[in-house]
Amino acid sequence: MTMITRILVAAAAVGMSLSAAAVDISGAGATFPYPIYAKWADAYKKLTGVGLNYQSIGSGGGIKQIKAKTVTFGASDMPLKPEDLKEAGLVQFPMIIGGVVPVVNIKGVAPGQLLLDGATIAAIYLGDIAKWDDPAIKKLNPKLALPGTAIAPVYRSDGSGTNFLFTDYLSKESSKFKSTIGANSSVQWPAGIGAKGNEGVANMTTQTDGAIGYVEYAYAKQNKMAYAQLVNKASKAVEPSTESFQAAAANADWTHAEGYYLILTDQEGAKSWPITGASFILVYKEPSDAAAVGEALKFFAWAYKDGGAMAAELDYVPLPAPLIAQVKATWMSSISSGGHPVWSGK
Amino acid sequence: MAIIDSRHAAKQLIYERIFRAGTLVAAILVLIILGGVAVSLMRGAWPAARHFGFSFITREIWNPVTDEYGALAPIYGTVVTSLIAMALAVPAGFGIALFLTELCPPLLKRPIGVAVELLAAVPSIIFGIWGLFVLAPVLQRHVQPWLIEHAHSIPGVNKLFMGPPFGIGILTAGFVLAIMVLPFIAATMRDVFDTVPPMLKESGYGLGATTWEVIWNVVVPHSRVGIVGGIMLGLGRALGETMAVTFVIGNAHRISSSLLAPGTTISSSIANEFTEAVGDLYTSSLIALGLLLFLITFTVIAAAQALLRRLEQRVPL
């Protein structure tokens, strides 16, 4: 081979690798599912050579990016309302499930010993219940010796899906919470102290005597924090676990949820964990780059099928099987280009 | 003697022109960037400004659920944490600089000087994590209970140190900021003190002045412009610091008389909420906060410039 052909071959190889990189799937949005998306992307790249470029810039950012059409898919912890989806021409579907867990720091109370319900937690965060030996807490925990320590509520200061799920749950359980604070990814808290991120809330709660906070399940589990059990809608006490999160997702009425607009907090069912949430994916109904969306859907289909074990390793919960079938049917019926479905069905 | 080569001269002239144009472009670039930042901030802040008007800077409310925003709490937090930081860091930085230039044994001069510069090189996130995991528990267990206990019988002061000792809050943010701006203040002041001509100092000593007298009557008056410059540099950094403050301030959109209570600053509010801000008014209000910080910093620098000019005019040294 002459020098020139070598250079040409090398240039061609570079050109090919560039064009291979061009088919990488691009997405942006929620930070909550980022660890599992990254893990899936890594495995998928090894398997197929197709990479995923996911920017975890927050749900708000994800919605803005998909509306600006700078990414193939957006990701959000808060589902968009059906009318907003219609207006923007977007399709939305759930991808992964997680749970939020209340954690406490009370002397003499071990993980899982304390039982709380939504109304009590709402009253604590409103500042109406100020001591751990309050009658409302004692009534739920007749056998527990609760001290008279002042309660220090700790909240997430950064806007997050965790905040949204927690405040949405409390809004459903307490009308006063709903009218004075409301549900959002950031709210105006009347009392307590704000810490940044799961790690900040976890740290603040562990450091402060009498504190109560709320973190993603993985954080509570990995840091062996004193989590609380919750009374769910069926008036049963439940432990936070993969099973109870999945129960909440399975008991939810997805078939009647237009555009999958369903918030998984406070679901029916004896085993349902009440602060469960799904993270959503947003794509265009009629994408301008159908091939890119097709690649993205292929990746999601693979993640539904083979990603469960990886999700469990990171303490996320895969969707229940009937829901996956429903999502795939939606892909077939709703995402199209020139009258043909964008997803190949495989 | 060499005769000037006309070709060489012509070439030099071209170089000269290119160089002049290059530096001009670089200088104009700064103006363009600054103008661009100001214009885009104003455009982004416009919806919030139109909707809330002047009340945006006089209201304490910050409620994303009802879409009502006011910047008073972040402005208050920004100003108060910076003032605490300056109150702690200026005397300390002044002391460090004086010690290094006037009193320090030569053996210690380099290690302390290098340590001060290294402190300036520590990334702000490290200060944030240190503040949260190390400083906050110490303050919570030892310092804040003491402050609450001893302040509570002094009228006025007790209002400053009330409430539960969380460990994090306005005061902790001020402490962390003080440590962060200290090296800037100390290093600038040291460099300025170093420029005092030895002849002036030696004349002072020759006249029988003590070290104290030389410092206060020769070194400080000679370097007061630089001292103000160092303080302003530190203040500028304290006002805009984001990450370290976000970790330790407690992030509550509330104004409380107590320095132990949680608060918020302009930059920490933006860092906390911008990523998840949905809706035009919310985003615009956050950008409006950014514009306010821009204006505050600009005012501080302008005031510093005016002060420097007056100082220079009064006694030319």
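Each chain gets a letter, A, B and so on, in the order the sequences are listed, and its residues count up from 1.
Counting heavy-atom pairs closer than 4.5 Å to chain B, the top residue among A/V187, A/N203, A/N184, A/T31 is A/N203. The candidate with the highest count of non-hydrogen atom pairs below 4.5 Å against chain A, out of B/T264, B/I61, B/T66, is B/I61.
Taking the side chain as every heavy atom from C-beta outward, B/W62 and A/S186 never approach each other to under 4.5 Å. B/M243 places a side-chain heavy atom less than 4.5 Å from the side chain of A/K196.
By a heavy-atom distance cut of under 4.5 Å, B/T246, B/G250, B/N251, B/A252, B/H253, B/R254, B/P262 are the residues of residues 246-262 of chain B near chain A, going up by number.
A/A211 does not touch chain B: none of its heavy atoms, backbone or side chain, sits under 4.5 Å away. Using a 4.5 Å cut-off between heavy atoms, A/I57 contacts chain B through its backbone alone, with no side-chain atom that close. Residue contact with chain B, scored on non-hydrogen atoms closer than 4.5 Å, involves the backbone of A/S160 exclusively. No part of A/A28 comes within reach of chain B, as not one of its non-hydrogen atoms sits under 4.5 angstrom from that chain. Within the 4.5 angstrom heavy-atom criterion, only side-chain atoms of B/Y282, from C-beta onward, approach chain A. Looking at B/T283, the atoms closer than 4.5 Å to chain A (heavy atoms on both sides) all sit in the side chain, from C-beta outward. For chain B, the nearby part of A/Y155 is the side chain; its heavy atoms alone come within less than 4.5 Å.
Contact between B/N63 and A/I181 at its shortest, heavy atoms only, is OD1-O, 4.5 Å. The two residues A/Q207 and B/Q140 make their nearest non-hydrogen contact at O-OE1, 3.7 Å.
The number of heavy atoms from other shown groups lying within 6.0 Å of CZ (B/F294) is above 12. Within a 6.0 Å radius of NZ in A/K178, other residues, nucleotides and ligands contribute 12 heavy atoms or fewer. B/D280 CG: 12 or fewer foreign heavy atoms inside a 6.0 Å radius.
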Problem - Verdict with supporting geometry, B/I168 and A/M204, side chain to side chain contact (heavy atoms under 4.5 Å, CB included) - result: CA-CA 9 Å; B/I168 62 180; A/M204 213 44 224; 3.6 Å; yes
